[in-house]
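When a ligand or atom number is given, it counts from 1 through the structure's own listing order.
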Amino acid sequence: MNEKIKNELSEIEFILDKIKNQGVAYLQSLEDRPTSSHHHVVMNTKLADQGIGTQKTLEYFNQKFEPLMVASSGPKYWGFVTGGTTPAAIAGDWLTTIYDQNSFKTNPPGDVSAHIELETIQLLLDLFGLPSDYLGGFVTGATLSNFTSLAVARQWLGTEIGVDFAKEGLSQKLNVLSATPHSSALKALSLLGIGSANIIPIKTNQGNRESLDLVDFEKQIIALEGAPFILVSSAGTVNTVDFDDFEEISQLKKKHSFWWHIDAAFGGFAACSKAHQHLTKGWGHADSITIDCHKWLNVPYESAVFFIKETYYALQLETFQNSNAPYLDNKSGQFDFLNALPENSRRLKALPVWFSLMAYGKAGIEQIVDNSIQLAQYFGSLLEGHEAFELLAPIRLNTVCFTLSNPHSEARVFTFLSVLNDTNEVFMSATFYNGKRGIRAAFVNWRTTQKDVDRVYQLMTMVIAGISK
Ligand SMILES: *Cc1c(COP(=O)(O)O)cnc(C)c1O
């Protein structure tokens, strides 16, 4: 036994206390921590023969990297779609590390981790008001969830035309239709050998919309002359949080043969809000759904789930079968994650989500979601009341997509955003929408309050005055 490690184990209480205290200090000062850091880190490329031990390593980390950690889980980080961390989620995440279970097999003898994961999936289905005839699992993010779902979609399409793509590989072009796919869906298509450039675009609806135009969709279906296809639809596009019409799509699904996938990475949480759940009406008929938990559920990275209708379990197994490993034999025929998703060994990613759901319940999640939506609307109303700003789209949920109107130029938007982000009090991200450079502010962090929005608005008016001089 390594003596150094053995000695450290005897000091584990002391070490974990230090980490706990540092963690508490971080979380309590998160509001004041900078939202970005300009740094030049000298990269260490030589590994010492003798290690310095955990305590010295912590000191070294605190000196070299800790000051550069940004408040991305703080209340005024509105870039991309960036969630924070709730106490319950942190508790579950820490325990995931401590227990270090491998959630890949459900059949005994073995640990209970896969059952925790299965239970968490059922609780999530209930949270979202989705039917219980989905199987699901945890992956690292919505990108991998899209990948997992579309991999099974590919296998389904193969079955329709008499080819087992998982075994035989891809030899022909597949039909994939979408109106406003997220970039990660395109990445999934390139990984799957389908090709990101092979999407058949569907027109978006008129009137500043990103949702798919049903008339054009049906036209495209007819043009395929009965050939099976995959539809990648959106519950919440990143720029304007637009939703495809799921009720209408489910009607079309009765008439035509296609795999229906919904990327609901963050928009799916509309289902938790009484005032907004109509946006997801009908989504329970989709064959597969992607949900991110590290965004609006406010659990730490990396956490997302996929839901795939259980009728396709055989296809899921064909796609992810981990064959030729006698020691992993699954003769029981019982469900396991090993043969149902990309990874083999896996962290118990479900635990932080399970803790969050247990700790806060449906009402707690609903409150987080409604708070974000209200703040987005409030922020939007402030911008609408100022001549320098212009909304690029109506606020449909939790994201404000806007630009500078007075005057508008690409350079001015970039200058404004970089000066604003350099205040280090807030972070927003740049975008491009409807032919214009814009800025996105996405509200998903449970900590954000109206006071934060007021402060950011104040900063924005100061920056506008500064760059207009
Ligand atoms: C964030 C996002 C993704 C990608 O999610 P990751 O968690 O970064 O992998 C996919 N789709 C949508 C709509 C998203 O918002």
Is Lys253 positioned over the aromatic face of Phe258, cation under 6.0 angstrom from the ring centre and no more than 45 degrees off axis? yes
Enumerate the pairs of nitrogen or oxygen atoms, one from ligand 1 and one from the protein, separated by less than 3.5 angstrom; state names and distance to 0.1 Å.
| unit_1 | atom_1 | unit_2 | atom_2 | d |
| --- | --- | --- | --- | --- |
| ligand 1 | 5 (O) | Asp292 | OD2 | 3.2 |
| ligand 1 | 7 (O) | Ala142 | N | 3.1 |
| ligand 1 | 7 (O) | Asp292 | OD1 | 3.2 |
| ligand 1 | 7 (O) | Asp292 | OD2 | 2.7 |
| ligand 1 | 7 (O) | His294 | NE2 | 2.7 |
| ligand 1 | 9 (O) | Ala142 | N | 3.2 |
| ligand 1 | 9 (O) | Thr143 | N | 2.8 |
| ligand 1 | 9 (O) | Thr143 | OG1 | 2.6 |
| ligand 1 | 11 (N) | His182 | ND1 | 3.4 |
| ligand 1 | 11 (N) | Asp263 | OD1 | 3.2 |
| ligand 1 | 11 (N) | Asp263 | OD2 | 2.7 |
| ligand 1 | 15 (O) | Lys295 | NZ | 2.9 |

Does one side chain, of Asn205 or Ser211, offer a donor that lies under 3.5 Å from an acceptor on the other? yes
Under the salt bridge (charged side-chain N to carboxylate O under 4.0 Å, His left out) test, residues paired with Asp133 that sit two or more places apart: Lys309
Can a cation-pi geometry be assigned to Arg346 and Phe337, taking NZ or CZ under 6.0 Å from the six-membered ring centre and within 45° of the ring axis? yes
Taking salt bridge (charged side-chain N to carboxylate O under 4.0 Å, His left out) as the definition, give me every residue that meets it alongside Arg447, ordered by chain and number, with sequence neighbours left out. none
With sequence neighbours excluded, what pairs up with Lys64 under the salt bridge (charged side-chain N to carboxylate O under 4.0 Å, His left out) test? none
